[in-house]
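Residues take their numbers from the sequence shown, with the count starting at 1. Only this structure's heavy atoms are used, side chains among them; waters, hydrogens and symmetry mates stay out.
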Amino acid sequence: MFEILHTNGLARCGRFHTVHGTVETPVFQNVGTLAAIKGGLSAQDLEKNGCQIELSNTYHLHLRPGDKVIKDMGGLHKFMNWNKPILTDSGGFQVFSLAKLRKITEDGVSFNSHIDGRRIFMGPEESMQIQSNLASTIAMAFDECVENPAPYDYVKKSCERTYRWLCRCKIEMDRLNSMEDTINKNQLLFGINQGGTYDDLRINHMKEIAKLDLPGYAIGGLAVGETHEEMYHILDVVLPHAPENKPRYLMGVGTPSNIIEGVARGIDFFDCVMPSRNARHGFIFTWNGTINLMNQKFERDPLPIDPNCGCEACRNYSRAYIRHLFKAKELLAMRLAVIHNLYFYNELAAKIREAIETDTFEQFRQKYSPMLDERIK
């Protein structure tokens, strides 16, 4: 299912084979929370932008339009007209970050919908059932995401509960995949490592979930308040205990530098709303650093957003024009900016793979890791 093709230090490039196609890793997953990329991009736009795998959200799709509606429509792939792999996150992060009046028990979590306030219950079985209805390629285990920092004793108990929930997710997915009316009987389950910023909890939790021999493993609960240095430290500590022959997914991360540094430590999968969210506000990633298209200096700038980019926006429009669209509050501004940022992130992953394959990743890292996150004045 996952083959490592080449390594360069701890960085590795590989292929992850799924029922919906093969993913070349390292890979950046383009985030379409509600089965669409915010900014007006279609599945066909993702294809043109080099997207290999799209990510949608269990919590949000369960609330609207409803996972049973999507199942009746033939599953998420048919619903959004996307034929490549889809990963659905479990809903755990949203339950703990968006929902109000939540109550955690061993069974799961009761919470109020952030849309209409109605009371909802979600546990491991419910999360797996929702994701089975969505028929995604990869389903994430239901876990508790604690904020950093959090008291040691609470994080320890949370890790233990997350492990028990993972075992229940595995049993439920096996049951669902054997059912006659299940759309994707080859759905894959990724486990999630938790433990806050405590080295021993992270290591012990990874050792325990590794024994379950799942198709992939994620590092969760990072980029939620800790520094970049703390995040990198946790990766350094925990990844030696992650299975080498399974893909490793750093959830919700991050900046171009975060991705490069994650790859340098052995991460294969990434996702983040940053490229599309920043783009919708005029903050653009380029191969020389980040720019703010709202700045006055771009008012008469005839250059493309990034002269080194081949995306639709850079091939056809100037900085001055896209800045004008933002100032005029035209929706095309967001669409073009999001197209560019996602193209940049997908190309970044492709260039990282090329650098690993040619044993030049460390040189690539030294050049681009500090540069890509810097703001161009």
Side-chain angles (χ1 to χ4, degrees), residues 13 15-57 74-88 136-138 255-256 259 268-288 290-291 293 303-319 321-323 325-326 330-355 357 368 372:
C13 59
R15 290 196 184 106
F16 187 57
H17 302 282
T18 79
V19 70
H20 296 118
T22 298
V23 177
E24 304 283 341
T25 64
V27 64
F28 178 78
Q29 301 169 97
N30 294 206
V31 179
T33 302
L34 281 159
I37 303 292
K38 292 186 185 301
L41 273 66
S42 67
Q44 291 70 39
D45 292 321
L46 291 184
E47 184 86 30
K48 293 175 186 175
N49 266 8
C51 174
Q52 295 191 76
I53 178 168
E54 187 268 352
L55 183 151
S56 289
N57 183 264
L76 201 50
H77 286 86
K78 286 188 177 180
F79 191 56
M80 64 180 294
N81 194 22
W82 173 253
N83 59 12
K84 292 185 177 183
I86 295 175
L87 182 145
T88 45
S136 56
T137 314
I138 302 168
T255 70
I259 291 173
D268 308 296
F269 279 61
F270 300 86
D271 84 278
C272 191
V273 298
M274 181 177 290
S276 56
R277 178 180 290 168
N278 282 14
R280 299 195 304 274
H281 296 90
F283 291 94
I284 307 297
F285 295 97
T286 81
W287 286 100
N288 292 308
T290 64
I291 63 173
L293 274 181
L303 292 175
I305 293 175
D306 185 348
N308 298 312
C309 177
C311 78
E312 177 185 336
C314 288
R315 291 198 314 268
N316 294 288
Y317 303 103
S318 67
R319 294 170 177 173
Y321 177 67
I322 299 175
R323 179 184 184 275
L325 295 177
F326 271 112
E330 289 286 346
L331 295 180
L332 182 57
M334 290 194 296
R335 173 175 159 77
L336 293 175
V338 172
I339 282 175
H340 169 81
N341 272 4
L342 287 184
Y343 185 99
F344 173 87
Y345 265 66
N346 292 326
E347 187 178 37
L348 171 63
K351 287 183 180 293
I352 288 173
R353 293 193 297 271
E354 181 183 14
E357 291 168 355
Y368 287 110
L372 295 184

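- Closest approach of Arg319 to Pro307, counting heavy atoms only: NH2-CD, 4.0 Å.
- Of all heavy-atom pairs between Ala333 and Ile322, the closest is CB-O, 4.1 Å.
- Atoms CZ and CD1, on Phe16 and Ile53 in that order, are 8.0 Å from each other to the nearest 0.5 Å.
- When the shell of 6.0 Å around NE2 of His281 is examined, it contains 12 or fewer heavy atoms from other residues, nucleotides or ligands.
- The CD1 atom of Ile284 lies 4.5 Å from the CG atom of Leu293; values are rounded to the nearest 0.5 Å.
- For the pair Leu348/Lys351, no side-chain contact is recorded, criterion being any heavy-atom separation below 4.5 Å from C-beta on.
- Scanning both residues, Thr137 and Pro85, for their nearest heavy atoms gives OG1-CA, 3.3 Å.
- In this structure, Glu347 CD and Cys311 SG are separated by 9.0 Å, a value rounded to the nearest 0.5 Å.
- Among all heavy-atom pairs drawn from Thr22 and Gln52, the shortest one is O-OE1, 4.1 Å.
- The shortest side-chain heavy-atom distance between Phe28 and Pro275 falls under the 4.5 Å cut-off.
- Judged purely by atom type and a 3.5 angstrom limit, Asn341 uses its side chain to pair as donor or acceptor with the backbone of Phe285.
- Going from atom OG1 of Thr33 over to atom CD of Glu54 covers 8.5 Å, rounded to the nearest 0.5 Å.
- Here CD of Glu312 is found 6.0 Å from NZ of Lys48. Values are rounded to the nearest 0.5 Å.
- The closest side-chain heavy-atom distance from Val23 to Lys84 is not below 4.5 Å.
- Residues Trp82 and Glu47 are in side-chain contact: their nearest non-hydrogen atoms beyond the backbone lie under 4.5 Å apart.
- Annotation for Val338 and Arg280: closest pair CG2-CG, 3.8 Å, computed over non-hydrogen atoms.
- Between Leu332 and Tyr321 the shortest side-chain heavy-atom distance falls below 4.5 Å.
- Between Leu372 atom CG and Asn288 atom CG the span is 8.5 Å, to the nearest 0.5 Å.
- Using modelled atom types, no side-chain atom of Glu24 and backbone atom of Arg15 make a donor-acceptor pair closer than 3.5 Å.
- Using modelled atom types, one side-chain atom of Arg353 and one backbone atom of Pro26 make a donor-acceptor pair closer than 3.5 Å.
- Of the residues listed (Tyr368, Tyr345, Tyr343), the one engaging Trp287 in a ring pair (Phe, Tyr, Trp, His ring centres under 6.0 Å) is Tyr368, and it is the only one.
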task: Go through the steps for Ile291 and Asp306 under the test side-chain contact (heavy atoms from CB on, under 4.5 Å), then give the verdict.
output: CA-CA 10 Å; Ile291 63 173; Asp306 185 348; over 6 Å; no
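- Residues Ser56 and Gly32 approach most closely at OG-O, 2.8 Å, considering heavy atoms.
- Residues Asp45 and Ile37 have side chains not in contact (no heavy-atom distance under 4.5 Å, counting atoms from C-beta outward).
- Under the 4.5 Å side-chain criterion, counting only non-hydrogen atoms from C-beta, Thr286 is not in contact with Phe344.
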Derivation and outcome, side-chain contact (heavy atoms from CB on, under 4.5 Å), residues Leu336 and His340: CA-CA 6 Å; Leu336 293 175; His340 169 81; over 6 Å; no
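- Not one N or O on the side chain of His77 forms a donor-acceptor pair closer than 3.5 Å with the backbone of Ser136.
- In this structure the side chain of Asn49 reaches within 4.5 angstrom of the side chain of Leu41, judged on heavy atoms.
- Under a 3.5 Å cut-off, the side chain of Asn278 and the backbone N or O of Phe283 do not form any donor-acceptor pair.
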